[in-house]
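All chains are named by letter (A, B, ...) in the order of the sequence lines, taking the proteins before the strands, and each is independently numbered beginning at 1.
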Number of protein chains: 2
Amino acid sequence: MNRITIKDVANLAGVSKTTVSHVLNQTRFVQEETRQRVLKAVEELGYRPSSIARSLVSKRTKTIGLLISDVGNPFYPDVILGVEEVALANDYSIFLCNTNYDLQRALKYIHTIIDKSVDGVLFMSSSMTLEMVEEVTKHQIHAVVLDWGAMNLEEMASTITINFEVGIQQAIQHLVEIGHRYIAHVSGPLNLWTAQVRRDAFLRALQKFGLDWENAVVIEGDLRIEGGRKALDELMKLDPRPTAVFTANDLMALGLIWSARNYQLNLPADLSVVGLDDIDLSSKVTPPLSTVAMPRNEIGKMAMKMLLELIEAGDSGSKQKVMVDTAFVLRQSTAPLL
Amino acid sequence: MNRITIKDVANLAGVSKTTVSHVLNQTRFVQEETRQRVLKAVEELGYRPSSIARSLVSKRTKTIGLLISDVGNPFYPDVILGVEEVALANDYSIFLCNTNYDLQRALKYIHTIIDKSVDGVLFMSSSMTLEMVEEVTKHQIHAVVLDWGAMNLEEMASTITINFEVGIQQAIQHLVEIGHRYIAHVSGPLNLWTAQVRRDAFLRALQKFGLDWENAVVIEGDLRIEGGRKALDELMKLDPRPTAVFTANDLMALGLIWSARNYQLNLPADLSVVGLDDIDLSSKVTPPLSTVAMPRNEIGKMAMKMLLELIEAGDSGSKQKVMVDTAFVLRQSTAPLL
DNA sequence: TTGAAAGCGCTAACAG
DNA sequence: CTGTTAGCGCTTTCAA
């Protein structure tokens with residue numbers, strides 16, 4: 001019992017493969033009566049056209065590669081959902097490529113998706129290199145790159161950059177307005193471009209509000225819960241102690257908050273904390289976390305749409321560069337300085 | 001500038017396509033000197049064989065579909081990682097199919113992956129029907145189904161069933177040993193098979209330890225953080241109040257714990273809580289959550305391995321039915337009853 | 001030790 | 001209004 005092919009349908013309907021193809025794709029007029037016969041045969045046999053065969057001739061697979069660092073990172077779910085939503089609506093399938101923060105692994109995925117002739121790839125992992133984008137585009141595969149400003153990929157790919165500046169500034173402004181003058185930062189690993197960007201935005205915000213940014217306390221963290229706990233340990237050693245802390249992501253903020261109990265700290269009264277990301281959890285913990293949010297779902301949708309545009313446009317399309325803003329979300333992890 | 005094909009390589013090397021194919025696949029002996037010429041041509045042109053064309057003839061795509069409910073559900077990351085690990089090791093790619101708890105959407109994905117001729121599919125979503133498995137297998141696509149005992153798919157698919165009985169029993173035993181006699185349960189939506197299984201296991205455990213299981217308090221939750229909060233509201237209305245609560249998943253346990261502050265409850269002294277899942281977070285919150293754990297990463301690996309076996313075996317292979325155990329993990333969200 | 005040719009399932013000129 | 005034919009890029013008999 002083999003796969004049912006277009007030929008089987010043609011035979012059963014008593015027409016040529018061509019006609020079957022045309023009624024299925026509505027690509028030329030077919031006598032209503034013939035059309036019905038074909039449709040009936042299709043129905044009867046449960047025929048489904050082979051995407052493989054189609055792709056071989058059309059040079060299109062209706063498939064994209066999604067390169068992310070870590071499915072477990074709470075940053076991704078919303079983004080993926082956005083990507084998926086527009087992919088699904090346009091009948092695109094998604095190859096999941098989880099780099100697990102590993103360049104070798106990313107590279108292997110790049111090769112696989114080139115071999116599989118995807119129509120495009122979404123680079124959403126920090127574990128990537130310029131060469132990967134080059135490799136991919138060399139094989140006429142389109143790309144859009146998320147928040148990876150370290151490199152200049154002008155005409156190679158569309159890009160989405162997240163503007164942390166505005167949200168971070170709002171956050172610091174809020175802290176200043178409620179009386180804080182001594183604000184520390186827990187950064188991500190500073191070899192990461194995105195960690196530097198956030199730290200620099202933080203420093204600039206301090207400067208803007210007339211605080212001592214040159215001697216600002218910056219503790220390097222790991223972007224995970226554990227990093228937040230360790231950061232608090234550092235903070236507690238300081239004398240005087242900062243009255244507020246801004247962390248490079250929510251996970252560290254949460255770790256810090258949860259660790260505060262061990263020091264008999266009463267949050268937010270004894271220490272105000274602001275995160276960044278606005279992951280799902282943040283609004284649900286006690287106290288709900290004030291944070292710098294970005295429209296993750298929108299970012300996902302936008303990325304996929306941009307990729308679609310590149311694909312539709314073929315080589316003629318020029319690459320877009322868009323920037324998306326962040327915004328401070330006030331919840332209850334910050335309190336006025338008494 | 002078109003795709004580089006095997007023909008280009010053949011021309012450059014001055015041999016036939018056949019020979020190129022054979023050296024690349026090591027499928028028959030080729031004179032060392034010729035072999036080198038071919039390899040050199042491949043290198044020079046940056047040639048990569050088209051998986052599409054290969055699949056068309058081999059009837060294998062080295063691709064599987066991964067059907068899950070919700071990327072954001074903390075149950076999945078570890079499982080996915082496991083799946084991916086063995087997939088990657090065997091050069092399989094993964095189509096991400098996120099049903100979003102939506103049957104229609106699941107169905108659409110089923111059709112897509114049938115069209116794309118995946119070699120197998122991993123059903124890991126509760127949003128699925130027996131028909132989907134039938135549909136898939138009818139198209140000679142192999143399947144393994146995770147924890148979905150509601151139906152009898154004997155010879156259609158391999159299955160992995162999670163044995164909640166043992167872990168839940170351990171959990172209740174622990175609570176009983178530290179003095180609890182009045183233990184409530186927060187279940188999942190009881191129309192879900194898996195929610196019933198857990199509740200029943202809970203009830204049987206009560207019975208086993210001589211507690212009043214017939215009048216046991218079971219509050220129906222939504223498996224989300226919010227559900228935990230609401231459940232605590234219900235619990236607080238009870239008089240007398242249960243001294244311990246077992247929730248059907250960790251998310252609800254956490255919601256309950258975080259909500260406890262609003263009632264000035266001191267955890268775990270005033271209320272012991274035990275979750276189920278052992279999601280990453282659970283060990284990292286304060287107090288760390290005692291919970292019923294399952295080897296999620298192992299489950300992912302196992303599922304993919306079982307699928308691989310089905311694929312390799314072709315139709316001859318018989319379907320495996322495996323069961324994986326759960327185990328109670330003692331942390332600090334439970335306390336002896338004074 | 002290597003090639004020629006057929007064919008995987010489909011689409012798209014080109015004919016009629 | 002419909003069919004014949006070539007070909008997408010590869011693998012695999014069969015033959016030499």
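Nucleic acid contact for B:Thr18: base, since at least one base atom lies under 4.0 Å from a heavy atom of the residue.
Listed by residue number, B:Leu56, B:Val57, B:Lys59 are the residues of residues 45-65 of chain B with a heavy-atom contact under 4.0 Å to DNA chain C. Contacts with DNA chain D (heavy atom under 4.0 Å) in residues 22-37 of chain A: A:Arg28, A:Phe29, A:Val30, A:Gln31, A:Thr34, listed by number.
Enclosure of atom NZ in B:Lys321 by more than 12 non-hydrogen atoms of other residues, nucleotides or ligands within 6.0 angstrom is indicated.
Ion pair B:Glu84/A:Arg105 flagged as a salt bridge, since at least one NZ, NE, NH1 or NH2 atom sits closer than 4.0 Å to an Asp/Glu carboxylate oxygen. Between B:Asp91 and A:Lys108, at least one side-chain nitrogen of the basic residue sits less than 4.0 Å from a carboxylate oxygen of the acidic one, meeting the salt-bridge criterion. Taking the charged nitrogens against the carboxylate oxygens, A:Glu43 and A:Lys40 have no contact shorter than 4.0 Å, which rules out a salt bridge.
Partner of A:Phe123 under the side-chain contact (heavy atoms from CB on, under 4.5 Å) criterion, out of A:Thr159, A:Ile110, A:Val144: A:Ile110 alone.
Nucleotide C:dG3 holds its C1' atom 14 Å from the NZ atom of B:Lys7, rounded to whole Å. Between the CZ atom of B:Arg3 and the C1' atom of D:dC10 there is a distance of 11 Å, rounded to whole Å. When rounded to the nearest whole Å, the span between CG of A:Asp115 and P of D:dG9 equals 15 Å.
With D:dG9, D:dT4, C:dG3 as the candidates, the nucleotide lying closest to the side chain of A:Ser16 is D:dT4.
Among residue pairs with one or both ends in residues 116-136 of chain A, those qualifying as salt bridge (Lys or Arg N to Asp or Glu O under 4.0 Å) are A:Glu135-A:Lys138; sequence neighbours excluded.
The phosphate of D:dT11 (OP1 or OP2) has a side-chain N or O of B:Ser21 nearer than 4.0 angstrom.
Considering CD1 of A:Ile141 and CD1 of A:Ile64, their distance stands at 11.5 Å, rounded to 0.5 Å.
Side-chain atoms of A:Tyr109 and B:Ser93 form no donor-acceptor pair, as typed in the model, at a separation below 3.5 Å.
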